[in-house]
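What follows is a short report on a single structure.
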Amino acid sequence: FSVGKRVVFLFAKIKSGRPDESGPWRIAPAYGGTAMTFSAQIRQAVEPIWAASMKHPFVKGIGDGTLPLENFRFYIQQDSYYLTRFAKILALGAAKAPDIATTNQFADFAKHTYSAEIGLHEQFSKRLGITAEEKECFKPAPTTYAYTSHLYHAGHSGHLGDVIAAVLPCYWLYAEIGDAFIDAAPEEPIYQEWIATYGGKDFQDRVDEQIAHLDKIAAAVSEADRERMKEHFIISSQYEYAFWEMAYRMETWPIPLEQ
């Protein structure tokens with residue numbers, strides 16, 4: 001796997017199916033005299049962060065099967081908390097949508113998060129022996145709490161473009177990881193299923209839909225809006241890396257309290 005080759009491929013893929021260079025979804029000025037979509041520009045900006053995510057031992061451990069299940073068990077509990085908040089932000093996007101068709105689409109995004117991703121996590125929870133008592137007593141780790149708080153802030157303080165910019169790194173990075181590991185064959189069946197979920201066409205189609213929405217909005221808003229949206233995207237990308245690290249180290253709050 002070559003990160004550089006993957007980025008080139010992604011930029012080409014972003015442009016596929018979109019209007020040509022003179023179309024309304026292009027943002028200028030662009031890099032090197034060639035117009036790029038807004039999504040391609042912000043993806044380029046976070047390349048060092050996403051490259052680090054690809055190399056993180058938690059991510060690599062899923063691909064080669066060496067990640068201890070206790071770390072993945074910790075991750076599933078944290079990610080289940082995250083995804084319930086993620087779905088609510090998508091529902092907020094539905095409320096902020098400018099037309100009923102987009103409202104319906106974002107409501108479907110929220111429903112899919114519940115039925116597909118959260119449903120998969122519930123299956124994993126049973127197989128990993130996560131008890132009802134553990135779920136009831138669960139407390140998010142610092143990184144999980146901070147990341148979801150960032151999503152709430154971006155969503156409630158801005159428009160639909162802010163919502164998409166904040167949630168897109170989760171969608172897009174997971175699709176890249178799933179695609180990169182699609183031919184991997186870890187012995188652990190849970191890791192095989194996780195890779196198949198995010199490396200599949202259905203998930204990639206949803207990523208493409210979010211990218212298209214973001215580019216369309218970016219072309220219509222002010223430069224200040226685009227800069228704010230870019231910052232949301234960068235911060236979420238940083239938190240994606242931090243989330244792997246959190247799960248790998250099984251992060252806890254610095255000062256433990258008696259329950």
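Being a predicted model, the structure only gives us computed values, none of them experimental. The figures that follow rest on heavy atoms only: side chains count, while hydrogens, waters and symmetry mates do not.
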Hey, can you tell me if F58 and F72 have their rings parallel, tilted or perpendicular (30° and 60° cut-offs)?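 Judged by the thresholds at 30° and 60°, the geometry between F58 and F72 is parallel.
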Classify the ring geometry of Y198 against F203: parallel below 30°, tilted from 30° to 60°, perpendicular beyond 60°. perpendicular
Judged by atom type as modelled, is there a donor-acceptor pair below 3.5 Å linking the side chain of [X] to the main-chain atoms of [Y]?
| X | Y | answer |
| --- | --- | --- |
| E251 | T143 | yes |
| D215 | S39 | yes |
| W50 | E176 | no |

Decide yes or no for [X] and [Y]: does some side-chain heavy atom of the first lie under 4.5 Å from some side-chain heavy atom of the second?
| X | Y | answer |
| --- | --- | --- |
| Y248 | F74 | no |
| Y75 | M246 | no |
| F181 | V59 | yes |
| D79 | E117 | no |
| S125 | I76 | yes |

Please say whether more than 12 non-hydrogen atoms of neighbouring residues, nucleotides or ligands are located less than 6.0 Å from NZ in K135.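 More than 12 within 6.0 Å, yes.
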Other residues, nucleotides and ligands only: do more than 12 of their heavy atoms fall within 6.0 Å of CZ on R249?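 At most 12 heavy atoms, drawn from other residues, nucleotides or ligands, come within 6.0 Å of this atom.
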When you check the gap from the basic side-chain N to the acidic O, do [X] and [Y] get nearer than 4.0 Å?
| X | Y | result |
| --- | --- | --- |
| R206 | E209 | no |
| D205 | K201 | yes |
| R228 | E223 | no |

Considering residues at least two apart in sequence or located in another chain, which fulfil the side chain to side chain contact (heavy atoms under 4.5 Å, CB included) criterion with R85?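 R85 satisfies side chain to side chain contact (heavy atoms under 4.5 Å, CB included) with Y81, T148, Y152 only.
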Qualifying residues under side chain to side chain contact (heavy atoms under 4.5 Å, CB included), relative to Q192, sequence neighbours excluded: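 Partners of Q192 under the side chain to side chain contact (heavy atoms under 4.5 Å, CB included) test: P186.
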CD1 of I42 to NZ of K230, rounded to nearest 0.5 Å, is 8.5 Å
How far apart are the C-alpha atoms of R127 and E122, what are their side-chain angles, what is the distance that settles it, and do they pass the salt bridge (Lys or Arg N to Asp or Glu O under 4.0 Å) test? CA-CA 9 Å; R127 291 159 63 180; E122 289 177 351; over 6 Å; no
Whether the H150 and S236 side chains hold a donor-acceptor pair (N or O, under 3.5 Å, no angle test) is what I'd like checked.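 There is such a pair between these side chains.
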Does a donor on one side chain sit under 3.5 Å from an acceptor on the other, for Q77 and H121?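 Side chains of Q77 and H121: no pair found under 3.5 Å.
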Which residue, Y241, W244, Y174, forms the side chain to side chain donor-acceptor pair (under 3.5 Å) with S53?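 Among the candidates, only W244 passes.
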